[in-house]
Colleague: 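Here it is, the structure in full.
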Amino acid sequence: MSDVGGARRRTAGRIVEVEAYVGPHDPASHAYGHRRTPRTEQMYGAPGTAYVYFTYGMHWCLNAVTEAEGYPAAVLIRALEPLAGLETMRRRRGARTPDRRLCAGPARLCEALAVTGALNGASLRRGALRVMRGSPRPGVVVVGPRVGITQGADWPLRFCLKGSLWLSR
DNA sequence: ACGCAGATTTTCT
DNA sequence: GAAAATCTGCGTT
């Protein structure tokens with residue numbers, strides 16, 4: 001990750017919580033019913049790119065675009081276990097945040113990693129913002145309902161690392 | 001510990 | 001006009 005226009009400082013963490021938004025038939029997706037607007041445009045982009053959107057008049061949220069170009073689907077990154085650049089994360093979020101909450105939530109993690117709309121459409125394979133492959137052993141990923149939505153709230157598309165101390169809420 | 005108002009953009013009704 | 005893939009600060013138990 002980097003501070004755009006400022007000192008580039010590496011921050012990194014292990015993804016411990018995500019939610020999937022699986023296509024135009026997903027009522028909770030921004031692209032439900034093939035909605036195609038300036039905001040949702042990036043959901044239709046190439047897989048392996050970032051979809052970063054602004055919400056609640058305040059917060060940025062980071063997604064990985066997951067399906068073929070033209071098919072709107074993405075995975076919302078909801079929480080990280082901070083692994084590197086903790087000092088930088090604390091500085092970006094301010095002294096107000098205890099370490100346990102630095103990246104516990106989609107908007108918190110964006111602030112800790114300096115992710116903003118400037119990174120919408122950026123590659124997640126190379127460049128300032130990267131998602132690395134992991135290999136969780138069978139049984140350590142637990143599934144549950146998605147958070148903060150009403151439409152399709154019961155779809156089991158939230159995935160967490162079991163027992164992680166770094167989950168949101 | 002819990003609950004709620006407030007921040008104020010994008011999108012749809 | 002209102003709800004939304006959220007979080008914070010301040011109030012009350």
Side-chain angles (χ1 to χ4, degrees), chain A residues 1 3-4 11 13-68 70-82 85-86 88-122 124 129 131 141-161 164-169:
Chain A
M1 302 307 161
D3 283 315
V4 175
T11 50
R14 178 192 201 190
I15 297 172
V16 297
E17 178 181 341
V18 299
E19 280 175 5
Y21 292 84
V22 295
H25 58 292
D26 181 347
S29 172
H30 291 162
Y32 181 47
H34 296 93
R35 218 151 50 225
R36 199 154 183 162
T37 66
R39 181 177 65 160
T40 64
E41 186 57 30
Q42 187 51 218
M43 284 194 83
Y44 296 80
T49 60
Y51 166 44
V52 184
Y53 68 89
F54 193 60
T55 193
Y56 290 101
M58 288 195 120
H59 301 302
W60 296 102
C61 292
L62 169 65
N63 296 249
V65 176
T66 50
E67 297 291 336
Y71 188 90
V75 169
L76 172 69
I77 314 298
R78 289 194 54 88
L80 302 180
E81 173 183 344
L86 280 274
T88 302
M89 294 183 186
R90 293 186 193 109
R91 175 172 52 75
R92 287 173 179 158
R93 287 207 38 86
R96 60 188 186 269
T97 311
D99 283 1
R100 288 281 274 276
R101 296 253 166 89
L102 277 177
C103 298
R108 290 196 186 107
L109 126 206
C110 280
E111 198 177 358
L113 302 193
V115 172
T116 69
L119 289 169
N120 191 41
L124 297 174
L129 181 59
V131 175
V141 176
V142 294
V143 184
R146 293 178 291 187
V147 173
I149 58 175
T150 54
Q151 302 301 111
D154 51 333
W155 295 25
L157 290 173
R158 181 184 187 217
F159 303 90
C160 298
L161 225 49
S164 172
L165 302 175
W166 308 95
L167 303 174
S168 67
R169 32 185 29 225

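In the text below, chain A, chain B and the rest are named by the order of the sequence lines, each starting its count at 1.
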Colleague: With heavy atoms under 4.0 Å as the rule, sort Leu76(A) into base, sugar-phosphate or nothing.
Modeller: base
Colleague: What's the CZ-P distance between Arg36(A) and dT10(B), to the nearest Å?
Modeller: 19 Å
Colleague: Determine the contact category for Phe54(A): base if any of its heavy atoms lies under 4.0 Å from a base atom, sugar-phosphate if only primed atoms, P, OP1 or OP2 are that close, otherwise nothing.
Modeller: sugar-phosphate
Colleague: Students often get this wrong, so: under 4.0 angstrom with heavy atoms, is Ser168(A) touching a base, only sugar-phosphate, or nothing?
Modeller: nothing
Colleague: Given dA4(C), is OP1 or OP2 found less than 4.0 Å from the side-chain N or O atoms of Thr55(A)?
Modeller: no
Colleague: I'd like to check, for Tyr21(A), whether its ring lies over the base of dA5(C) with centroids under 5.5 Å apart and a plane angle smaller than 30°.
Modeller: yes
Colleague: Looking only at heavy atoms, which two atoms of Gly23(A) and Ser29(A) are closest? And how far apart?
Modeller: O-CB, 4.0 Å
Colleague: Write down the distance separating the P atoms in dA2(C) and dA5(B), rounded off to the nearest Å.
Modeller: 15 Å
Colleague: Would you indicate, yes or no, if dA7(B) has its OP1 or OP2 atom less than 4.0 angstrom from a side-chain nitrogen or oxygen of His59(A)?
Modeller: no
Colleague: Determine whether a donor-acceptor pair (one donor, one acceptor, N or O, separation below 3.5 Å) exists between the side chain of His30(A) and the base of dA5(C).
Modeller: yes
Colleague: So, does Arg35(A) get its side chain near the phosphate of dC12(B), meaning an N or O under 4.0 Å from OP1 or OP2?
Modeller: yes
Colleague: Say you pick atom P in dA5(C) and the same atom in dC2(B); how far apart are they, in whole Å?
Modeller: 24 Å
Colleague: Quick one: is Ser29(A) getting a side-chain N or O under 4.0 Å of the dA5(C) phosphate, OP1 or OP2?
Modeller: no
Colleague: Is Arg169(A) close enough to dC7(C) that one of its side-chain N or O atoms is under 4.0 Å from OP1 or OP2 there?
Modeller: no
Colleague: Do the side-chain N or O atoms of Arg78(A) get closer than 4.0 angstrom to the phosphate oxygens (OP1, OP2) of dT6(C)?
Modeller: yes
Colleague: Side chain of Arg39(A), heavy atoms from C-beta onward: which of dC7(C), dA5(C), dT11(B) has the nearest atom to it?
Modeller: dT11(B)
Colleague: Categorize Arg146(A) for me: base, sugar-phosphate, or nothing, with a 4.0 angstrom heavy-atom threshold over every strand shown.
Modeller: nothing
Colleague: Students often get this wrong, so: under 4.0 angstrom with heavy atoms, is Ala28(A) touching a base, only sugar-phosphate, or nothing?
Modeller: base
Colleague: Using atom CD of Glu19(A) as one end and atom P of dT6(C) as the other, report the distance to the nearest whole Å.
Modeller: 7 Å
Colleague: Using a 4.5 Å cut-off on heavy atoms from C-beta on, say whether the side chain of Pro82(A) contacts that of Asp99(A).
Modeller: no
Colleague: Would you say the side-chain atoms of Tyr51(A) pair up with the backbone N or O of Ala73(A), donor to acceptor, closer than 3.5 Å?
Modeller: no
